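A short worksheet on the structure shown next.
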Amino acid sequence: MLPKPRRLTIQYDLILSPVAPFHFDGTVYKPSHFPSGDCMYEDGQYWQTMRFDDRVLGIRLLNMGSVDRPKVALSIFSSKQISEALLFHIKSEIEYRFDMNIDLKEFYDTCKRDSVLKPVIKRWKGMRVSNGRSLYEFLVIATVLQNATVRRSAQMLENLFEHYGAKVNYDGKTLSSFWLPKSIDQASENELRNLKLGYRAKIFKHQSYAFMSGKLDESQLRLLNTDALKSRLLELYGVGPASVWYVLFEVFKRYNAFEYISPWEQKIYSHILYNRDMVEAKVILDDVNSKWGKWKMLAIHYLFEDLFWQRKKQHIPWLDGLIRL
DNA sequence: CATCAGGGCCCTG
DNA sequence: CAGGGCCCTGAT
């Protein structure tokens with residue numbers, strides 16, 4: 001007996017002008033990420049639900065330009081009126097989350113003569129690190145990723161959406177939305193465990209409380225330098241060495257956040273950087289650091305996503321065993 | 001059937 | 001600082 005999706009019938013249209021070059025598809029869609037019910041991608045189009053306090057909104061981004069002359073139509077769908085001030089806030093939040101207002105010229109200059117990066121940047125020039133979700137929501141993803149295969153991660157997230165999220169319908173799509181931290185703060189650990197989250201139930205409780213109580217404030221954290229930010233994040237229960245770098249990079253756009261390699265990624269980097277099965281993590285970290293310095297994670301991101309885009313088009317045998325569905 | 005590792009992290013000794 | 005335990009699943 002699922003409730004009918006809430007229809008978001010009021011539509012607001014805005015225009016975004018990302019800093020050129022801007023690669024729309026490479027930015028809004030990351031093929032290396034597991035699919036989830038809160039967003040949807042098609043060529044040149046992207047839908048995603050978003051929470052702003054008690055509001056559940058539907059977002060649509062349409063590519064109206066080119067890499068060198070970027071233009072994005074942003075539509076915001078809502079069930080009730082939105083004030084000018086909130087519209088502006090949503091717009092700038094989206095620009096931040098999709099890293100639209102950043103000039104990457106220096107990065108491209110740095111890598112111009114790099115034989116590994118050059119062809120990849122040619123394909124994806126203007127691609128940004130992006131994450132449409134809030135810090136709290138991203139941490140949920142990072143938590144379901146722990147110690148689980150892709151299928152199980154996706155299932156855990158789906159269970160959470162079903163129980164604590166909502167379904168909305170807009171622009172002909174039905175998507176799930178995230179919940180607010182207080183919903184999980186009110187849930188019992190046992191109730192969460194029934195969603196097959198295992199030991200992660202405790203992590204969700206801790207983190208939801210931290211956000212609900214205001215102990216953590218994303219907009220304040222954005223102002224911190226990377227070291228300070230990193231230690232604040234590590235104080236959070238359930239955030240360890242693997243998650244913290246994902247968060248620093250994807251949520252906070254710290255382009256050099258690459259100091260830890262998990263085993264499955266190590267195998268992938270060994271292949272794409274050395275054409276070998278396994279290279280020592282420290283060797284990879286040192287090499288990447290000396291080659292790409294303050295842009296190292298962004299550089300890695302280009303290589304990684306390029307690989308997964310290729311994989312959508314053609315079979316890459318060596319990659320098969322590394323992606324555990 | 002049983003066992004085990006998996007896209008970590010916490011906690012203990 | 002090393003290593004066991006944690007939840008659930010699917011692979012073996």
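Computed from a predicted structure; not experimentally measured. Letters A, B, ... mirror the listed sequences (proteins, then strands); counts begin at 1.
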field: Cluster overlap A/L62 with A/I59, hydrophobic side-chain contacts below 4.5 Å
entry: no
message: So if I take every side-chain heavy atom of A/L145 and compare against B/dG8, B/dG7, C/dC7, which nucleotide ends up nearest?
response: B/dG7
- line: To the nearest angstrom, the CZ-P distance between A/R200 and B/dG8 comes to 10 Å
P gap between B/dA5 and C/dG4, integer Å: 12 Å
- prompt: With a non-hydrogen cut-off below 4.0 angstrom, is A/V239 in contact with a base, only sugar-phosphate, or nothing?
  reply: sugar-phosphate
message: Taking the ring centre of each residue, are A/Y302 and A/W124 less than 6.0 Å apart?
response: no
query: Are A/L8 and A/I10 connected in the hydrophobic side-chain network, where two residues link if heavy atoms are under 4.5 Å apart?
result: no
field: Closest to the A/Q155 side chain, choosing from B/dG8, C/dT9, B/dC9
entry: C/dT9
- prompt: Looking at DNA chain C, which of residues 202-213 of chain A put a heavy atom within less than 4.0 Å of it?
  reply: none
task: Identify whether the distance between the nearest side-chain nitrogen and carboxylate oxygen of A/K230 and A/E259 falls below 4.0 Å.
output: no
query: Contact class for A/L195 vs. all strands (heavy atom < 4.0 Å): base, sugar-phosphate, or nothing?
result: nothing
task: Write down the distance separating the P atoms in C/dC7 and B/dT12, rounded off to the nearest Å.
output: 14 Å
message: What is the distance, to the nearest angstrom, from the CD1 atom on A/I268 to the C1' atom on B/dG7?
response: 9 Å
field: Greater than 12 external heavy atoms within 6.0 Å of A/E42's CD
entry: yes
task: Report which part of the nucleic acid A/T143 touches: base, sugar-phosphate, or nothing (heavy-atom distance under 4.0 Å, all strands).
output: nothing
query: Would you say the ring centroid of A/F211 lies under 6.0 angstrom from that of A/Y136?
result: yes
message: With a 6.0 Å cut-off on the ring centroids, do A/Y269 and A/F258 count as close?
response: yes
task: Rounded to the nearest angstrom, tell me the gap between atom NZ in A/K267 and atom P in B/dG6.
output: 7 Å
- request: Ignoring the backbone of A/Y237, work out which of B/dC10, B/dG6, C/dC8 is nearest its side chain.
  value: B/dC10
- prompt: Atom OH of A/Y199 and atom C1' of B/dC10: how far apart are they, to the nearest Å?
  reply: 10 Å
- prompt: Is any N or O donor-acceptor pair between the side chain of A/R152 and the base of C/dC7 shorter than 3.5 Å?
  reply: yes
message: Quick check on the 6.0 Å ring-centre criterion: do A/F204 and A/Y209 meet it?
response: no
task: Report the distance from atom CD1 of A/I141 to atom P of B/dG8, rounded to the nearest whole Å.
output: 15 Å
DNA chain C: stems of at least 3 consecutive Watson-Crick or G-U pairs whose donor-acceptor distances fall under 3.5 Å: B:2-6 with C:8-12, B:8-13 with C:1-6
query: Within the pair A/S153 and B/dG7, is there a side-chain N or O less than 4.0 Å away from OP1 or OP2?
result: no
- prompt: Between atom CG in A/N194 and atom P in C/dC7, what is the gap in whole Å?
  reply: 13 Å
- request: Validate the cation-pi geometry between A/R222 and A/Y96: distance from NZ or CZ to the six-membered ring centre under 6.0 Å, angle to the ring axis within 45°.
  value: yes
query: Expressed in angstrom and rounded to an integer, what is the separation of A/L234 atom CG from B/dC10 atom C1'?
result: 13 Å
task: Run the salt-bridge test on A/D286 and A/K282 with the 4.0 Å N-O cut-off and return the result as yes or no.
output: yes
task: Round to the nearest Å and state the distance from A/E235 atom CD to B/dC10 atom P.
output: 12 Å
